[in-house]
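Worksheet: the structure to be examined is printed underneath.
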Amino acid sequence: NPTALGASGLLPNRPCRCVVLGASGTSAAMAKSDRSHSEESNSTWTPQTSSPALPASALCITEALDAVPLGRFMAGHLLTMIVAMASLAAVHEAAAYSLWGMKEHLRTTDSGYARLTAVFQIGAAIGCFAASLLADNWGRRATAIVSSFTGAILHYAAGTAGSMAYLDWLRFAQAICYALCMASMNTWYVEFLPTRHRGQLLSALCTGWPIGRGMTIVVSKYFGSAWFATWYLAGALQLLVAVIMLFAWESPRFLLISGDQAKAHQVLASMHAASGGSWDQRVHLTMAGTDEETTLFDKGASNTHIFSRINSLVYDHGRLLFFIMVVFACLASTSLLLDTWGPLIFQRLFDTDTPQSIMMLFNMGDLGGIFVSIAVADMVGRRGSLFLGFFMQAFLLAATAQTSKFLTHTASLFYVPLFFGTMASGCRCFAWEAASMWLSEVFPTHLRVTAMAVVMPVMRLLSVVTLTASGELIERASPAACLAVISVLLFLSGVFVAVCFPFETANVPMSESRRWHAK
């Protein structure tokens, strides 16, 4: 209901207009409500009134992107992001799957590995904050190119490390590049997406993570104690991302907010051409619904001082910012622990010297969960996905811990905890995806990277605390006890979401208004 959405602040209180382009290149102003868009994609409605604030050829960037048909451009856009996610997964998992080799050649211990992981989180926190300075000034694309290329060099340099102290410093620098690439690529990707199918397209990019992790596991198993092999793999994938992004377009939302109408038109024309359509260059693009709102998003909006943007973020979106910060803090205390300590926990749980096969099975469970998420992301919404990621994973991890006692009784029951562990891995993606989607969707373009720059460092710094504290827990407690603790934390996280979730963003256009208000 456009009227209800306008009253809630999700859409401007005016008739929504769109431009439909025929083969001849002529354009006609029209509007599509979100309901009619989902019920009948070919139906159109011509408004009987016109907004006095905009000329007849004016068009909001959200509506311009919604008018682009899904086709070859969006397929290539998605493939680029999958490759980027695979490279980021390889960077993140490189240390975890080289631990056995580092213990043999660099004489590292569990506490030394915890320090290496904590250093990574500190570097990632700095990189997240720096992303707001760079991505909002250099652009999303340029930041991704520089950070991924630099990250590739640092990973190849890691192969020369002769001590853990030297590797700690390299890992710190790698983490800065990792966070810069993550923030810029995620923002770049989401700013091209249409309202319809946005949830599926955001879920689909996550397939890159288990692909990258799977490649890391295979390389780790094949090269054995040659710990640097996984680091070289991460460097190669980072270099591939840098090369691909050299030939990619900059975000049309960023170009428009920077005052470059001509390049924004060029990007939209390319998107339409690749998808079998055409674009009218005479259309006047705006960031928001009216010229008055659009003045909030002129060239100065993206170049204001970062602390001014943070002040705007806290003042206009304080409640939403607090909610998503707590959600990511919950993820730092649960899923991130599994990402870091999972190989070691399950190695001890199943009493095996080579846990790569088990971790590959869990990785396939994660990939299967992502495919399910692609199908249901917009049906269950962001809140439903958070419930699945917290409550369902908590239950399945608790079941894994409880049934692990079967391992000491009979070999025939070995597959019971293995089954529950695989199913739990399939739920891991839901909470991460939903939190990332909600963070990308709820804030306007000129604050989107700044919001990530505020939220992610909080998560990373909390991760340092949890990883440092968990190091002793992992060494002293049984694997089943570790899984039980994580399952309790997941359950409490789900309770927080159930009580405090502000409002749903699935199937709602990404707002460029100054404030979102809960309905």
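Along the sequence shown, residues are numbered consecutively beginning with 1. Everything numeric here is computed off the predicted structure, so don't read it as measured data.
- Looking at T195 and N507, their side chains never come closer than 4.5 Å, going by heavy atoms from C-beta outward.
- The shortest distance between side-chain heavy atoms of H155 and L239 does not fall below 4.5 Å.
- A donor-acceptor distance shorter than 3.5 angstrom exists from the side chain of T466 to the backbone of S463, with no hydrogens or angles considered.
- Applying the side-chain hydrogen bond (donor to acceptor under 3.5 Å, both in side chains) definition to pairs two or more places apart or across chains, none involves residues 485-495.
- For W188, the ring-ring contact (aromatic ring centres under 6.0 Å, His included) partners are H77, F192, not counting sequence neighbours.
- Contact check for N186 versus M81: side-chain heavy atoms found under the 4.5 Å cut-off.
- Not counting sequence neighbours, the partners of F120 by the ring-ring contact (aromatic ring centres under 6.0 Å, His included) test are H92, Y178.
- A salt bridge links R382 with E441: at least one charged nitrogen is closer than 4.0 Å to a carboxylate oxygen.
- Contact annotation: the side chain of S425 never approaches that of M364 to less than 4.5 Å [non-hydrogen atoms, C-beta and beyond].
- For the side-chain contact (heavy atoms from CB on, under 4.5 Å) test, residues two or more places apart in sequence or in another chain that qualify with L361 are L418, T422.
- From L338, atom CG reaches atom CD1 of I486 across 4.0 Å, with rounding to the nearest 0.5 Å.
- For the side-chain contact (heavy atoms from CB on, under 4.5 Å) test, residues two or more places apart in sequence or in another chain that qualify with Q200 are H197, I374, D378.
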Q.
Is there a salt bridge (Lys or Arg N to Asp or Glu O under 4.0 Å) between E191 and R140? Walk through the geometry before answering.
A. CA-CA 10 Å; E191 288 180 352; R140 284 70 161 122; 2.8 Å; yes

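- Between the side chain of T230 and the backbone N or O of W227 there is at least one donor-acceptor pair closer than 3.5 Å.
- Partners of F419 according to the ring-ring contact (aromatic ring centres under 6.0 Å, His included) rule, which considers only residues two or more places apart in sequence or in another chain, do not exist here.
- Residue pairs satisfying the salt bridge (charged side-chain N to carboxylate O under 4.0 Å, His left out) criterion with at least one member in residues 169-180, sequence neighbours excluded, are absent.
- Using the six-membered ring where Trp is involved, F172 and W169 have ring planes that are perpendicular, over 60° apart on the 30 and 60° scheme.
- Judged as a salt bridge (charged side-chain N to carboxylate O under 4.0 Å, His left out), the pairs with a partner in residues 199-214 (not counting sequence neighbours) are, in order, E93-R213, R213-D366.
- Atom CG of residue L386 and atom CE of residue M437 lie 10.0 Å apart, to the nearest 0.5 angstrom.
- In this model, no donor atom of one side chain and acceptor atom of the other lie less than 3.5 Å apart for Q238 and S148.
- Residue pairs meeting the salt bridge (charged side-chain N to carboxylate O under 4.0 Å, His left out) criterion with at least one member in residues 384-404, sequence neighbours excluded, do not occur.
- Across all their heavy atoms, I176 and G123 have their closest contact at CG1-O, 3.3 Å.
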Q) Checking salt bridge (Lys or Arg N to Asp or Glu O under 4.0 Å) for the pair D168/R115: CA distance, chi angles, key distance, verdict? A) CA-CA 8 Å; D168 285 344; R115 185 181 66 250; 3.0 Å; yes

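- Judged by distance alone, with hydrogens and angles left aside, the side-chain atoms of S436 form no donor-acceptor pair with the main-chain N or O of E433 at under 3.5 Å.
- Aromatic ring pairs are classed by plane angle as parallel below 30°, tilted from 30° to 60° and perpendicular above 60°; the pair F503 and W438 is tilted.
- Minimum heavy-atom separation, P194 to L201: CD-CD1, 4.1 Å.
- F346 meets the ring-ring contact (aromatic ring centres under 6.0 Å, His included) test with F362; sequence neighbours excluded.
- S440 is linked by a side-chain contact (heavy atoms from CB on, under 4.5 Å) to V190, M452, counting only residues two or more places apart in sequence or in another chain.
- Among residues two or more places apart in sequence or in another chain, the side-chain contact (heavy atoms from CB on, under 4.5 Å) test is passed with V465 by none.
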